[in-house]
Novice: 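Have a look at the structure that comes next, please.
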Amino acid sequence: MQIRLTVNNTAHQLDVPDNTLLVEVLRGELALTGTHIGCDTSQCGACVVHVDGRSVKSCTMLAAQADGQEVTTIEGLADGESLHPMQEAFKNCHALQCGFCTPGMIMSAIDLAQRSPGLTEAEVRRGLEGNICRCTGYQNIVKAVLAGASGMKAAATS
Amino acid sequence: MNEFSYSRATSLRDAVRSQDKSGKAKYLAGGQTLLPSIKQLLDAPERLIDLSGAGLDGIEVGRKTITIGAMTRHADVAASAQVREAIPALADLAGRIGDAQVRNRGTIGGSVANSDPAADYPAALIGLCAIVHTNARKIPAEKFFVGLFQNALKSGELITKVEFEIPTGAAYEKFANPASRYAIVGVFAASFDHVMRIGVTGAAHFAFRWAEAEGHGLGVKDLSNVSLDQSRFNSDLYASATYRAHLVRVLTLRAVSRL
Amino acid sequence: MATEENTGIGASVLRKEDRRFITGVGRYTDDIQVSGQTYAAFARSLWARARIDKLDTGVAAAMPGVIGVLTGAEMAADGLGGLPCGWLVKSKDGSDMQQPEHPPLAHTHLNFVGDAFAIVVADTEEHAQGAARALEQSVEVTELTPVVSLADATQSAPIHEALTSNVCYDWEIGDKAACKAGFAVADRVVEVELSNNRLIPNAMEPRAAIAEYSTGTDELTIHTTSQNPHLVRLILAAFVQLAPEHKLRVIAPDVGGGFGSKIFVYSEEVSVAWAAKKLRRPVRWTATRSESFLTDAHGRDHLTKAKLALSSEGKFLAMQVATKANLGAYLSTFASSVPTYLYGTLMAGQYATPAIHVEVQGTFTNTCPVDAYRGAGRPEATFVVERLVEMAARQLRADPAELRRVNFIKPDQFPYQTPVALVYDTGNYEASLSQALQHADYAGFAARQRAAEGRGKLRGIGLSCYIEACGLAPSQLAMNLGAGVGLWESAEIRVNPTGSVVVFTGSHSHGQGHETTFAQVVSSTLGVPFDQVEVVHGDTGRLDFGLGTYGSRSIAVGGSALIRASEKIIAKGKRIAAHLLQAGIDEIDFQDGVFSVQASNQSVTFAEVAFAAYIPNNVPTDEVEPGLAEKAFYDPENFTYPAGTHICEVEVDPETGKIDIIQFVAVDDFGEVINPMIVEGQVHGGLTQGIGQALFERGIYDDNGQLITGSYMDYCMPRADDLPNYVVDTTVTPCTHNPLGVKGCGEAGAIGAPAAVVNAVTHATGMKDISMPLHPEKVWRALQRKRRAA
């Protein structure tokens with residue numbers, strides 16, 4: 001079927017089989033391989049992207065369901081050389097090791113920060129329930145999400 | 001993934017009409033259970049009818065009830081100022097379903113229609129004397145859940161909204177499966193003035209009302225000898241039926257103490 | 001937080017590799033697209049044990065999009081060899097271990113659920129999977145009775161017809177008679193039966209491979225998720241005999257975590273490469289998570305009986321350990337060494353126990369092969385030692401910290417010969433214990449326990465004083481003990497004419513941050529700016545032979561090789577500088593990137609020397625060869641011995657059995673530290689896997705050999721809200737035998753944590769013992785039993 005997707009501010013018109021998952025379009029047709037697939041039961045969160053501003057698991061959404069909507073992936077966060085505050089925070093806090101869960105983790109973190117002003121550590125830990133990391137033990141991720149949320153607030157007010 | 005065709009219904013009528021044409025179609029709400037089931041070859045519908053454009057979302061607060069459209073996402077219920085004002089425990093429950101991403105897609109209608117024994121909403125439906133509205137009729141929650149993944153819906157029948165009674169007080173206690181984060185046991189306790197109501201999910205094949213406990217009133221401090229029918233209790237890797245029964249008692253007391 | 005200016009050894013430099021990962025442009029195997037690519041799927045055994053009677057590929061081959069269906073029988077007919085085990089362990093009686101055939105694709109017998117017997121190649125993933133499922137449904141088999149239970153396996157009929165039993169080896173280490181004598185004079189004996197739960201590694205990136213065959217050059221290139229691509233190449237060439245080594249190139253690009261599971265050479269990667277060569281098409285395969293659960297080599301899975309003899313003063317006199325170790329259906333690449341040389345040799349722990357005897361029966365069952373998983377043998381050993389010591393303390397009503405302290409090997413006893421072969425070069429166990437007790441406010445525990453009681457909670461504190469052996473070595477010794485590969489590492493440093501540097505290392509980074517730490521080392525030693533040092537790894541086409549990353553070896557062995565190569569660069573640089581400065585070579589000093597003539601103000605920079613090496617205007621090339629590139633192969637003299645104390649404090653809800661970790665302190669002695677930020681991250685990750693083992697994770701097969709924890713719905717991965725903020729600190733006793741004084745930090749957390757958690761929970765609840773993982777129902781039931789007994 002024909003679908004229209006705006007991905008990272010670029011409009012695409014695509015012809016995909018009805019049963020295509022959003023993640024398959026992103027990784028395949030659009031070669032945006034920063035969005036990863038880490039499980040087949042919708043739990044690991046490596047595939048999290050934003051659809052119309054909300055974080056979703058792109059392995060659990062059909063491309064057809066996103067027809068006409070705005071998709072943002074990890075590749076769409078940085079503004080040229082300038083990183084998104086959450087990306088910056090992940091680097092500064094050593095919140096990644098192998099990097100595989102990182103894109104999904106960052107996309108979830110941004111949504112969390114946008115929705116919950118004044119995040120606490122406990123809220124961050126709960127808010128990351130849908131993202132599994134096997135490397136970091138989460139401690140530095142939690143630190144990064146708090147720092148990134150502050151960075152986002154600062155960027156919004158400046 | 002198996003092949004299927006996809007269409008988006010533009011109205012309730014459109015949705016029901018598309019369904020009537022063939023028996024092999026399934027309604028697609030949030031897809032957070034249906035799509036993983038198709039991926040794992042546990043389900044193989046030939047057609048999916050997406051309900052997201054059918055105008056079935058939204059929250060309405062009345063004098064005595066709060067009505068939530070079937071396509072309302074869990075995250076929207078959790079964040080709704082109206083729900084938080086009228087039934088904070090319901091917002092709390094919605095905010096504890098799955099994870100943030102599941103809540104951003106999953107809907108109340110989808111969850112209720114799926115009738116997973118470990119889903120959260122059914123506890124609230126029972127506890128809040130909810131009425132399930134479909135395109136054809138109104139079904140009281142107590143008569144809605146009838147078996148393991150089984151409910152009173154007929155083939156092609158579609159949930160349009162769920163209407164909850166606004167209680168004087170309510171609380172939800174969840175003991176989550178550490179792996180799946182579904183409820184091993186979830187207890188939704190509500191008080192309507194001096195009358196108490198207990199809805200239990202996770203423990204048995206389907207959500208049920210624990211009427212025996214309700215009779216003990218709001219001041220209850222001990223439920224250890226109150227009868228609890230365990231004949232259809234679940235038992236799995238993480239919790240035996242005996243442990244679930246114990247948790248039902250513990251969580252009920254905890255929930256009631258918060259009323 | 002890192003500083004801009006300091007990028008040297010010991011600085012928390014931010015990682016070079018992060019930018020590509022946080023912007024989504026990392027390049028993992030599955031991200032790579034190849035023109036003309038085809039997709040593979042595997043037909044797998046649905047049975048734990050079966051004989052293949054008939055496999056008709058006709059129907060699958062005719063399915064839409066199918067390009068080829070290749071079976072185990074065809075692979076055997078092509079003369080491909082089996083997957084070897086790289087460590088020959090001998091039994092007590094001197095006999096070699098029993099090794100079953102392990103064809104990459106099974107063709108006569110299926111030995112565990114997930115055992116691959118055919119590879120299907122098609123134009124799409126869906127088509128390949130559809131045909132593979134059809135083969136699984138149509139293969140005719142005779143089901144055989146599987147052996148699943150480790151406890152019963154040694155008595156059961158052999159699962160492999162060619163073997164005499166299910167015992168792979170019956171191994172021992174230590175002096176049995178001395179041990180017996182120790183028990184004979186003991187004042188008290190503490191005994192325990194322990195299980196060490198089977199774990200499933202779950203690197204977040206599933207295994208994957210893409211193989212391309214060039215008909216013109218007869219070269220086979222494989223991109224794959226490997227921790228050691230050279231080992232893959234060696235095994236494919238020398239054992240499987242798929243292609244000669246010089247026609248094989250194995251590339252492990254960005255790899256999304258390994259934890260041991262990506263050391264090994266598996267059926268799927270071999271089959272994909274074979275299919276590409278046979279079908280003359282690029283073939284790709286990426287595991288689904290379900291396949292990862294079924295086939296990534298699992299970890300741990302021991303049953304152990306152990307006892308400790310103590311004197312009336314609480315001195316350890318002797319320790320006796322008997323273990324059954326589950327090896328699964330086949331011997332994975334290093335499976336045999338894990339429960340023997342990486343386990344029995346660690347039973348001294350941090351203690352001066354004079355006599356130790358360890359017996360291990362390696363056992364075959366119809367389950368996924370078991371091999372090294374983060375810690376590999378050492379977590380199992382630590383669990384035995386630290387549970388015994390804890391139980392001894394509780395029985396003697398002694399302070400667990402004090403009992404450990406009196407039995408520690410003292411700083412003046414190093415080098416220390418243990419009764420189980422190892423010689424510890426250095427350590428200071430008292431220092432890490434004291435520091436950990438302080439961080440944990442051990443003295444204030446009683447007050448916290450009382451406060452918890454007031455809230456209806458049971459509070460407990462548990463210690464674990466672990467030791468590990470890292471950087472497996474030296475090669476000669478290991479090979480005498482049965483190792484089939486050397487244990488050295490290679491490094492090459494190429495200095496470019498402009499003075500920038502490319503470092504080639506045989507170590508492999510899949511999350512450890514070598515691109516940063518190795519650059520710190522070389523930048524420091526050569527005085528080259530950090531951002532002008534590029535680290536290259538993971539490609540047999542670009543590097544000398546290397547042994548990859550496992551066993552916390554990279555900085556201790558790979559880093560030492562870098563130092564050796566740097567020394568050679570400096571030595572040659574001095575010769576060039578001597579010509580440039582018209583001075584004698586003995587007069588040249590090198591410091592901070594500058595070659596200078598002693599007692600003069602004459603100097604040239606490293607970059608000037610590099611330029612002169614390639615543009616040899618003033619350098620006679622008959623005396624000094626042009627160019628500036630050096631290699632080194634470093635073989636360590638000994639293992640390194642990181643050690644430390646972990647302290648866990650928990651609260652248990654007696655009504656539900658749920659455990660909350662309130663505090664976790666880890667004080668580790670890793671010797672010198674190159675990048676504290678990265679080391680701390682490694683500890684966090686290790687602790688989480690250790691806590692996962694203690695509280696959440698267990699791979700479970702049912703009686704029919706079906707894996708019932710085959711997805712994240714049932715196998716519990718630790719998540720952010722399950723865990724506390726860790727308190728992590730270090731003490732430093734530098735390793736005595738490598739040039740950096742480093743020990744390795746990757747596995748410590750996973751080694752120390754499980755015992756600390758279980759010790760805390762048994763302390764909180766007053767139970768003698770409880771088996772991992774400590775799921776709430778198990779804890780609740782144990783508390784019920786205790787209540788009834790009381």
Side-chain angles (χ1 to χ4, degrees), chain A residues 17 19 24 27-28 31-44 46 73-78 83-84 86-88 90-104 106 121-122 124-143 145, chain C residues 1-2 12 14-15 17-28 30-33 201-206 254-259 286 288-290 292 510-513 677-678 680-689 691 711-713 717-726 728 749:
Chain A
N19 65 351
E24 293 170 335
R27 287 184 59 79
L32 295 168
T33 55
T35 301
H36 297 146
I37 300 172
C39 78
D40 42 17
T41 51
S42 311
Q43 281 162 305
C44 80
T73 71
I74 188 73
E75 291 92 341
L77 292 181
L83 294 173
H84 185 282
M86 194 60 78
Q87 292 174 309
E88 199 78 64
F90 267 63
K91 181 178 164 76
N92 290 337
C93 298
H94 185 36
L96 59 147
Q97 291 181 24
C98 83
F100 194 79
C101 77
T102 308
I106 290 176
E121 186 198 316
V124 172
R125 286 188 179 272
R126 252 198 77 200
L128 296 178
E129 203 175 9
N131 293 79
I132 300 176
C133 169
R134 193 56 151 171
C135 293
T136 64
Y138 304 98
Q139 184 156 329
N140 289 344
I141 292 177
V142 173
K143 202 158 87 178
V145 176
Chain C
M1 194 63 66
S12 283
L14 295 181
R15 300 201 321 169
E17 43 272 84
D18 283 359
R19 192 176 175 96
R20 66 178 186 270
F21 297 132
I22 57 180
T23 54
V25 295
R27 189 165 174 265
Y28 300 89
D30 189 65
D31 298 341
I32 296 165
Q33 299 290 313
N202 277 300
M204 292 316 297
E205 180 204 23
D254 286 329
V255 173
F259 317 111
T286 300
T288 63
R289 179 58 56 185
S290 299
S292 307
H510 34 280
Q512 296 88 342
M677 174 193 81
I678 287 178
E680 197 173 313
Q682 289 291 309
V683 174
H684 292 169
L687 291 177
T688 302
Q689 289 179 16
I691 290 170
S711 83
Y712 292 144
M713 294 295 281
M717 295 285 278
R719 269 169 277 196
D721 58 352
D722 294 319
L723 303 163
N725 267 315
Y726 307 120
V728 173

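Just so you know, these numbers come straight off a predicted model, no measurement behind them. Throughout, protein chains are lettered first and strands after them, A, B, ... in sequence-line order, and every chain is numbered starting at 1.
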Novice: Are any non-hydrogen side-chain atoms of C:Arg289 and A:Ile37 less than 4.5 angstrom apart?
Specialist: no

Novice: Non-hydrogen atoms of chain A under 4.5 Å away: do they reach the side chain of C:Gln682, the backbone, both or neither?
Specialist: both

Novice: Flag the pair A:His36 / C:Asp31 as yes when at least one side-chain heavy-atom distance between them is below 4.5 Å, and no otherwise.
Specialist: yes

Novice: What's the spacing between A:Gln87 CD and C:Arg19 CZ if we round to 0.5 Å?
Specialist: 8.0 Å

Novice: Using a 4.5 Å cut-off on heavy atoms from C-beta on, say whether the side chain of C:Ile678 contacts that of A:His94.
Specialist: yes

Novice: Using the test side-chain contact (heavy atoms from CB on, under 4.5 Å), find all partners of C:Asp30 that sit at least two apart in sequence or belong to another chain.
Specialist: A:Arg27, C:Arg284, C:Thr286

Novice: Which atom pair, heavy atoms only, marks the closest approach of C:Gly681 to A:Asn140?
Specialist: CA-ND2, 4.5 Å

Novice: Set out, in order, the CA-CA distance, both residues' side-chain angles and the distance that settles side chain to side chain contact (heavy atoms under 4.5 Å, CB included) for A:Glu88 and C:Ile22, then state yes or no.
Specialist: CA-CA 8 Å; A:Glu88 199 78 64; C:Ile22 57 180; over 6 Å; no

Novice: Of the listed residues (A:Gly137, A:Cys98, A:Gly34), which shares the most heavy-atom pairs with chain C below a 4.5 Å separation?
Specialist: A:Cys98

Novice: Give, as side chain, backbone, both or neither, the part of C:Tyr726 having an atom under 4.5 angstrom from any heavy atom of chain A.
Specialist: both

Novice: Of the listed residues (A:Leu83, A:Val124, A:Thr102, A:Asn131), which shares the most heavy-atom pairs with chain C below a 4.5 Å separation?
Specialist: A:Leu83

Novice: Within this structure, what is the CD-SG distance for the pair C:Glu205 and A:Cys44, rounded to the nearest 0.5 Å?
Specialist: 12.0 Å

Novice: Answer with side chain, backbone, both or neither: which region of A:Phe100 has an atom nearer than 4.5 Å to a non-hydrogen atom of chain C?
Specialist: both

Novice: For the side chain of C:Tyr28 and the backbone of A:Gly99, is there at least one donor-acceptor N/O pair under 3.5 Å apart?
Specialist: yes

Novice: Would you check if C:Asn725 and A:Lys143 make a side-chain contact, meaning some heavy-atom pair closer than 4.5 Å?
Specialist: no

Novice: Suppose we screen for ring-ring contact (aromatic ring centres under 6.0 Å, His included). Which residues come up paired with C:Phe259, at least two apart in sequence or across chains?
Specialist: none

Novice: Determine the option with the most heavy-atom pairs under 4.5 angstrom with chain A, choosing from C:Gly258, C:Gly749, C:Pro724.
Specialist: C:Pro724

Novice: Tell me, for C:Val683 versus chain A, whether the close heavy atoms (under 4.5 Å) come from the side chain, the backbone, both or neither.
Specialist: neither

Novice: Going from OG1 on C:Thr23 to NE2 on A:His84, what distance comes out if it is rounded to the nearest 0.5 angstrom?
Specialist: 13.5 Å

Novice: Is the backbone of C:Ser290 close enough, under 3.5 Å, to the side chain of A:Asp40 for a donor and an acceptor to pair up by distance?
Specialist: yes

Novice: For chain A, which candidate among C:Ala203, C:Pro718, C:Ser711 shows the most heavy-atom pairs at distances under 4.5 Å?
Specialist: C:Pro718

Novice: Going from SG on A:Cys39 to CE on C:Met717, what distance comes out if it is rounded to the nearest 0.5 angstrom?
Specialist: 10.0 Å

Novice: I'd like to know which of A:Leu128, A:Leu96, A:Ile106 tops the heavy-atom pair count under 4.5 Å against chain C.
Specialist: A:Leu96

Novice: If I measure from the heavy atoms of chain A, does C:Leu723 come under 4.5 Å with its side chain, its backbone, both, or neither?
Specialist: both

Novice: Can you tell me how far the CZ atom of A:Arg134 sits from the CE atom of C:Met204, to the nearest 0.5 Å?
Specialist: 8.5 Å

Novice: Could you tell me whether the side chain of A:Arg126 reaches within less than 4.5 Å of the side chain of C:Asp721, counting heavy atoms only?
Specialist: yes

Novice: I need the C:Met713 CE to A:Gln43 CD distance, nearest 0.5 Å.
Specialist: 5.5 Å

Novice: Could you look at A:Ile132 and say if it's the side chain, the backbone, both or neither that has a heavy atom under 4.5 Å from chain C?
Specialist: both

Novice: Test your reading of the model: is there a side-chain donor-acceptor pair from A:Tyr138 to the backbone of C:Thr688, 3.5 Å cut-off?
Specialist: no

